[in-house]
Visitor: 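To start, I am sharing the structure in question, which I have written as structure tokens.
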Amino acid sequence: MNTPEQLYADIISCCEANTNEVIVKKYSRYFKEGWNAYGVTSELLHTKVKSILEATGKDYNLIIRTCRLLVKGPKYEEVSIAYLLIKSFEKQFTYDTFKEIEKWFETGINNWAHTDVICSEIIPFFFKKSLITLDDLSGWRTAANKFQRRAVPVSMIKLLKVTEDYSPFFNFIDPMMLDLEREVHQGLGWFLREVWKIRNDETETFLLKWKNQSPRLIFQYACEKMTPEGKQRFKRESK
């Protein structure tokens, strides 16, 4: 397995040999737009990744190029393996690695599950090591891929633990509050719910500004932990 193509072929062969329709049927209900998967168990994926890293000597460049092939693949497990492989190289992450992940959204990320795991387990590392700032996600807010747009608020959730100034976060998502896609609404609502748990007043001021314009699903998520009386304040006013 000296080339990305050879390594990719080996991964696909393993997945095809371990297809499980029971698993496919079990998890398909969580994906509204369909779940194109082999049905490989999580345990087997981790075992396969471990064997790849041992066989390749953790060759960063080989893994990066293999991941480019994996994220373009049609099956769910291909991106899952790419995520597991790249995460093992955290200590070697650079700004260029971030740009690689950015390309994943442009070429292959097409579901909420991969989006959310990348945003919760990989993107925060770039922030933690000061490899990126919030401005590096600016273009993501208007990306063609709705899951890349969803990634903006979801990536910001862990940032709530490392600062006390949340005003830049509200300003940053402001242009997204009229987005047309359901998955983006869910991501925005999730983020706002987490902010509200920490800063009630600031979050509610932001929500009041948008309550008559933004999609209701954002408010459904954002107001989830409020009392029934509290939720009433954010109902859309009749015209």
Side-chain angles (χ1 to χ4, degrees), residues 25-37 76 79-80 83 104-105 109-124 127 134 137-239:
K25 184 177 180 180
K26 177 180 178 180
Y27 290 103
S28 290
R29 67 179 184 271
Y30 297 111
F31 297 86
K32 186 177 181 181
E33 297 179 339
W35 193 52
N36 187 6
Y76 182 86
V79 177
S80 296
Y83 155 74
W104 288 15
F105 283 99
I109 303 299
N110 59 14
N111 63 77
W112 62 266
H114 285 142
T115 300
D116 293 356
V117 75
I118 288 170
C119 293
S120 61
E121 300 295 333
I122 292 183
I123 301 299
F127 282 115
L134 206 52
L137 299 183
S138 294
W140 293 28
R141 295 177 295 186
T142 55
N145 184 348
K146 63 184 177 182
F147 294 104
Q148 188 170 4
R149 302 199 303 277
R150 175 191 175 97
V152 174
V154 178
S155 293
M156 292 163 55
I157 291 174
K158 286 196 174 181
L159 294 181
L160 300 175
K161 298 179 180 180
V162 298
T163 182
E164 295 185 356
D165 182 9
Y166 290 175
S167 57
F169 300 149
F170 293 116
N171 292 335
F172 199 74
I173 65 169
D174 204 63
M176 303 182 69
M177 292 299 288
L178 297 178
D179 196 284
L180 300 177
E181 296 290 348
R182 180 176 184 271
E183 291 83 358
V184 182
H185 304 163
Q186 292 171 318
L188 287 165
W190 178 13
F191 170 75
L192 289 164
R193 181 181 68 208
E194 297 307 308
V195 184
W196 181 83
K197 292 177 184 178
I198 307 169
R199 299 285 176 79
N200 296 166
D201 292 343
E202 286 181 63
T203 308
E204 291 176 9
T205 297
F206 181 80
L207 290 171
L208 286 170
K209 181 177 77 169
W210 284 105
K211 75 173 186 176
N212 292 322
Q213 303 173 63
S214 294
R216 298 315 303 169
L217 188 58
I218 295 177
F219 287 81
Q220 181 181 325
Y221 277 75
C223 301
E224 185 179 5
K225 300 299 181 180
M226 297 181 186
T227 63
E229 295 75 19
K231 293 177 182 178
Q232 288 293 322
R233 297 178 59 212
F234 305 100
K235 284 196 170 183
R236 182 169 289 173
E237 297 171 0
S238 301
K239 294 184 180 179

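Atoms considered below: every heavy atom in the structure, side chains included; atoms not considered: hydrogens, waters and symmetry mates.
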Visitor: For W112 and Y30, indicate whether the former's side chain and the latter's backbone hold a donor-acceptor pair under 3.5 Å.
Guide: yes
Visitor: Who passes salt bridge (charged side-chain N to carboxylate O under 4.0 Å, His left out) against K231, sequence neighbours left out?
Guide: none
Visitor: Is the shortest heavy-atom distance from the side chain of T115 to the side chain of V154 under 4.5 Å?
Guide: no
Visitor: Within the structure provided, determine whether F169 and V195 are in side-chain contact (heavy-atom separation under 4.5 Å).
Guide: no
Visitor: As an exercise, state the distance from CG of L192 to CD of E202, rounded to the nearest 0.5 Å.
Guide: 12.0 Å
Visitor: Roughly how far, to the nearest 0.5 Å, is the NZ atom of K209 from the CE atom of M177?
Guide: 8.5 Å
Visitor: Between K211 and L208, is there a side-chain heavy-atom distance shorter than 4.5 Å?
Guide: yes
Visitor: Might you point out which heavy atoms bring V152 and L137 nearest each other, and give the distance in Å?
Guide: CG2-O, 4.0 Å
Visitor: Could you tell me if the side chain of I173 sits less than 4.5 Å from the side chain of F206, heavy atoms only?
Guide: yes
Visitor: Would you say the side chain of W190 lies within less than 4.5 Å of the side chain of P153, judging by non-hydrogen atoms?
Guide: no
Visitor: Once rounded to the nearest 0.5 Å, what's the spacing between atom CD of Q148 and atom CD1 of I118?
Guide: 10.5 Å
Visitor: Which heavy-atom pair separates P124 from K158 by the least distance, and what is that distance?
Guide: CG-CD, 3.8 Å
Visitor: Does Q213 CD have over 12 foreign heavy atoms under 6.0 Å away?
Guide: yes
Visitor: Taking side chain as C-beta onward, heavy atoms only, is R233 less than 4.5 Å from M226?
Guide: no
Visitor: If we ignore hydrogens and angles and just use 3.5 Å, is the side chain of R141 paired with the main-chain N or O of S138 as donor and acceptor?
Guide: yes
Visitor: Run the numbers on F31 and Y76 for ring-ring contact (aromatic ring centres under 6.0 Å, His included), then give the verdict.
Guide: CA-CA 11 Å; F31 297 86; Y76 182 86; 5.7 Å; yes
Visitor: From N145 CG over to E183 CD, what is the distance, rounded to the nearest 0.5 angstrom?
Guide: 10.0 Å
Visitor: May I ask you to test the Y221-L188 pair for a side-chain heavy-atom distance under 4.5 Å?
Guide: no
Visitor: Do you know which two heavy atoms are closest between D165 and S167, and how far apart they sit?
Guide: OD1-OG, 2.7 Å
Visitor: Kindly confirm or rule out a cation-pi arrangement of R150 over F147, judged by NZ or CZ under 6.0 Å from the six-membered ring centre and within 45° of its axis?
Guide: no
Visitor: For A151 and S155, which heavy atoms make the closest approach, and how far apart are they?
Guide: O-OG, 2.7 Å
Visitor: Does atom NZ (K197) have a neighbourhood of more than 12 heavy atoms from anything else shown, all under 6.0 Å?
Guide: yes
Visitor: H114 and side chain to side chain donor-acceptor pair (under 3.5 Å): which single residue from N111, D116, N110 fits?
Guide: N111
Visitor: Would you confirm whether R193, through its side chain, and Q220, through its main-chain N or O, come within 3.5 Å as a donor-acceptor pair?
Guide: no
Visitor: Enter the distance from L180:CG to H185:NE2 here, rounded to the nearest 0.5 Å.
Guide: 6.5 Å
Visitor: With rounding to the nearest 0.5 angstrom, report the CZ to CZ distance, F191 to F172.
Guide: 10.5 Å
Visitor: Are the side chain of K146 and the backbone of V184 linked by a donor-acceptor contact shorter than 3.5 Å?
Guide: no
Visitor: With side chains defined as the heavy atoms from C-beta onward, is the minimum distance between E194 and I198 less than 4.5 Å?
Guide: no
